[in-house]
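Notes for the one structure printed next.
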Amino acid sequence: MADGAKVPAQQARQESGAAQAVKPINLALQGGGAHGAFTWGVLDRLCEEPRIVIEGISATSAGAMNAAVFASGLAKDGLEGARMALEAYWKRVAKAGESSPLRPSVFDRLFGLTSPDQSPAFLAFDLMTRILSPYQFNPLNLNPLRTVLQQSVDFDALRSDKCPVKLFLSATNVRTGKVKIFGNDEITADAVLASSCLPFLFQAIEIDGEAYWDGGYMGNPAIFPLIYGCKSHDVVIVHINPIERAKLPRTASEIMNRINEISFNSSLMREMRAVSFVTKLIDDGKLDDPSFSRMLIHAIADDGMMCSLGVASKMSTEWEFLTGLRDTGRACADSWIARNFDQLGNSSTVDIGAMYL
C-alpha cells in the first residue's frame with residue numbers, strides 16, 4: 001500500500017461520524033511474557049470496531065512488543081495490516097519456541113506432567129536462573145526475540161511523523177532506577193528489548209551509554225505519558241498481571257511469581273492513586289487549573305483465567321496456548337465494548353478506589 005494510504009486507516013472512522021460516534025481512546029498494555037497473547041486478542045478485536053480509534057499506546061515488556069507490531073502494521077497497511085502483523089509476530093514467537101528446552105517433552109507427557117510448572121526442564125531452568133546470572137549462562141547474549149522483532153516491525157514506520165499512533169514504551173534505567181519512556185522517534189529493536197529485559201533472564205540492554213531492564217519495575221505500564229501526550233482522556237488498561245490472588249502461594253516459584261506481580265503492579269497502583277486524588281480535587285471544586293484533566297479509566301481483564309495459569313506458562317510458546325489466550329482476549333474486549341462504549345468520553349467504567357487503592 002502506498003504511503004499516502006497509510007494514515008487514513010483510522011481517519012476513515014472519524015469521517016464516518018455522521019453515521020455513528022467515533023471515540024478516541026488510549027491503551028495501556030501490561031507485560032507478562034507469553035500471556036501477552038491475551039493483549040493480541042484485545043487489539044485484534046479493537047481493530048474490528050468502527051466506533052473506536054486508538055490515539056496513543058503506553059506499553060511495557062510483552063505489551064511493548066504488541067504495541068510496536070500493531071503500530072507498524074497499522075502504519076503500513078491500515079487496520080487489517082495491524083491484525084495481520086500481530087498474527088505473523090505471534091506465529092514467529094511460536095516457531096522460535098519450537099527449539100526451546102522448556103517446550104513440553106515426550107517425558108513430560110509420558111509421566112502426566114501436563115502443567116509446565118511440573119516439568120523437570122522448567123524446574124532446572126528456574127533453579128539455574130537463581131544461581132547463575134545471564135552473563136554466566138548466556139555469555140553470548142543470545143535473544144531469539146531480537147530476530148522475531150526485526151522480522152515483524154518496520155521501525156522506520158514507527159519513527160515516521162506519519163505513524164498514526166503515539167507510542168510510549170517503558171524501560172527501567174539500571175543506574176538511576178528511574179523510568180525511561182521511549183517515544184516514537186526513539187523506538188528501535190533495542191528500545192523494545194529494553195522494555196522486555198528481565199534481569200534474571202537477559203543481559204541489560206545498553207542504549208546511548210545507559211543500561212536498561214524491564215519497564216515493569218517502574219511502569220507496567222506508565223500512565224503519565226498518555227495524560228501529558230494525548231488529547232483523549234480515556235485510558236483503557238489491558239491487564240495480564242492479576243491484582244488479587246485468593247490462593248496463598250506456597251511453592252518457591254509461586255512465591256517469586258506473586259512477588260513479581262505485586263512489584264510490577266505497584267507503579268500502576270501509585271499512578272491510579274494520583275489520578276484518584278486529582279479527580280477528587282476537580283469534583284470538589286478545589287482544582288480549576290486547566291492543565292489538570294479528569295482522566296477516565298477503563299480496564300479489560302480476565303483475572304480468573306490469569307490466576308489459573310502457572311508461572312511457567314509465561315514462557316510457553318505452544319501455538320494452541322497462544323491462540324487460546326488470543327481468543328479469550330478477543331471475547332473480553334468484545335464484552336467490554338458492548339457494556340461500556342456509551343461511557344467512553346463521559347465517565348470511568350472501573351471503580352478506581354475499589355480496584356487499585
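Annotation for G329 and V42: closest pair O-CG2, 3.5 Å, computed over non-hydrogen atoms. Shortest non-hydrogen contact noted between P242 and C307 is CB-SG, 3.6 Å. Across all their heavy atoms, I187 and F155 have their closest contact at O-CD2, 3.8 Å. When all heavy atoms of A189 and Q150 are compared, the pair lying nearest together is CB-CG, 4.4 Å. Closest non-hydrogen pair, S267 versus G216, comes out as OG-O, 4.2 Å. In this structure, S313 and F321 approach most closely via the heavy-atom pair O-CE2, 3.4 Å.
Residue W90 qualifies as enclosed at atom CH2: its count of foreign heavy atoms under 6.0 Å is above 12. No more than 12 heavy atoms of other residues, nucleotides or ligands lie within 6.0 Å of CD in E244, so this atom counts as exposed by the packing criterion. For CZ of F224, the number of neighbouring non-hydrogen atoms (other residues, nucleotides, ligands) closer than 6.0 Å is greater than 12. Within 6.0 Å of CZ on F137 lie more than 12 heavy atoms contributed by other residues, nucleotides or ligands. By the 6.0 Å contact criterion, CZ on R294 is enclosed, its count of non-hydrogen atoms from other residues, nucleotides or ligands being greater than 12.
The side-chain tip of K91 does not point at the ring of Y89 from less than 6.0 angstrom away and within 45° of straight on.
Side-chain contact between I207 and Y212: present, with at least one pair of heavy atoms (C-beta onward) separated by less than 4.5 Å. Between I25 and L27 there is a side-chain heavy-atom pair separated by less than 4.5 Å. Within the 4.5 Å cutoff, side-chain heavy atoms of I57 are placed close to those of L29. Inter-residue side-chain proximity for V235 and L296 is flagged as unmet; no heavy-atom pair is nearer than 4.5 Å. By the 4.5 Å heavy-atom criterion applied to side chains, V153 and V192 are not counted as neighbours. In this structure the side chain of T279 reaches within 4.5 angstrom of the side chain of D283, judged on heavy atoms. Side chains of D302 and T328 form a contact here, defined as non-hydrogen atoms less than 4.5 Å apart. Side chains of L46 and I337 form a contact here, defined as non-hydrogen atoms less than 4.5 Å apart.
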task = Kindly determine whether Y228 and F168 satisfy ring-ring contact (aromatic ring centres under 6.0 Å, His included), including the steps that lead there.
result = CA-CA 11 Å; Y228 299 131; F168 309 94; over 10 Å; no

Intermediate values then yes/no, side chain to side chain contact (heavy atoms under 4.5 Å, CB included), L167 and F182 = CA-CA 8 Å; L167 294 179; F182 293 98; over 6 Å; no

key: Verdict with supporting geometry, L169 and I181, side chain to side chain contact (heavy atoms under 4.5 Å, CB included)   = CA-CA 5 Å; L169 308 186; I181 304 296; over 6 Å; no

task = Test side chain to side chain contact (heavy atoms under 4.5 Å, CB included) on H35 and M306 and set out the steps.
result = CA-CA 8 Å; H35 294 179; M306 288 299 178; 3.9 Å; yes

inquiry  = Could you go through M218 and T172, starting from their C-alpha distance and side-chain angles, then the distance that decides it, and tell me whether this counts as side chain to side chain contact (heavy atoms under 4.5 Å, CB included)?
reply    = CA-CA 6 Å; M218 294 305 296; T172 302; 3.7 Å; yes

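A salt bridge does not link R159 to E186: none of the charged side-chain nitrogens sits closer than 4.0 Å to a carboxylate oxygen. Using a 4.0 Å cut-off between charged side-chain N and carboxylate O, R130 and D126 make a salt bridge. Comment: E55 engages K166 in a salt bridge, judged by a side-chain N to carboxylate O separation of less than 4.0 angstrom. Classification of R45 and E49 as a salt-bridged pair holds, one side-chain N sitting under 4.0 Å from a carboxylate O. The pair R330-E48 meets the salt-bridge criterion, since a charged nitrogen lies less than 4.0 angstrom from a carboxylate oxygen.
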Pairs of donor and acceptor atoms involving the side chains of residues 348-357, under 3.5 Å and at least two apart or interchain, shall be tabulated with distances.
residue : atom : partner : partner atom : Å
S348    : OG   : I297    : N            : 2.8
T349    : OG1  : H298    : ND1          : 2.7
D351    : OD1  : G353    : N            : 3.1
D351    : OD1  : A354    : N            : 3.1
Y356    : OH   : H239    : NE2          : 2.7

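Side-chain atoms of S72 and D154 form no donor-acceptor pair, as typed in the model, at a separation below 3.5 Å. For the residue pair Q30 / N265, a side-chain donor-acceptor distance below 3.5 Å is found, with atom types taken as modelled.
Under a hydrophobic clustering in which Ile, Leu, Val, Met, Phe, Trp and Tyr are joined whenever their side-chain heavy atoms come within less than 4.5 Å, directly or via other members, L309 and W319 fall into the same cluster. Cluster annotation: L201 is not connected to M256 through the hydrophobic network of ILVMFWY side chains, with a link wherever side-chain heavy atoms come within less than 4.5 Å. Follow the hydrophobic side-chain contacts under 4.5 Å out from F277 and you never reach I223; the two are in separate clusters.
In this structure a side-chain-to-backbone donor-acceptor pair under 3.5 Å is present from S196 to S61. Under a 3.5 Å cut-off, the side chain of N26 and the backbone N or O of G56 do form a donor-acceptor pair. Side chain of N173 to backbone of R175: a donor-acceptor contact under 3.5 angstrom is found.
By the side-chain hydrogen bond (donor to acceptor under 3.5 Å, both in side chains) test, H233 pairs with no residue at all, sequence neighbours left out. By the side-chain hydrogen bond (donor to acceptor under 3.5 Å, both in side chains) test, E261 pairs with R245, N257, R258, sequence neighbours left out.
For F264 and Y217, the ring centers are positioned less than 6.0 Å apart. Two rings, from F202 and Y135, have their centers 6.0 Å or more apart.
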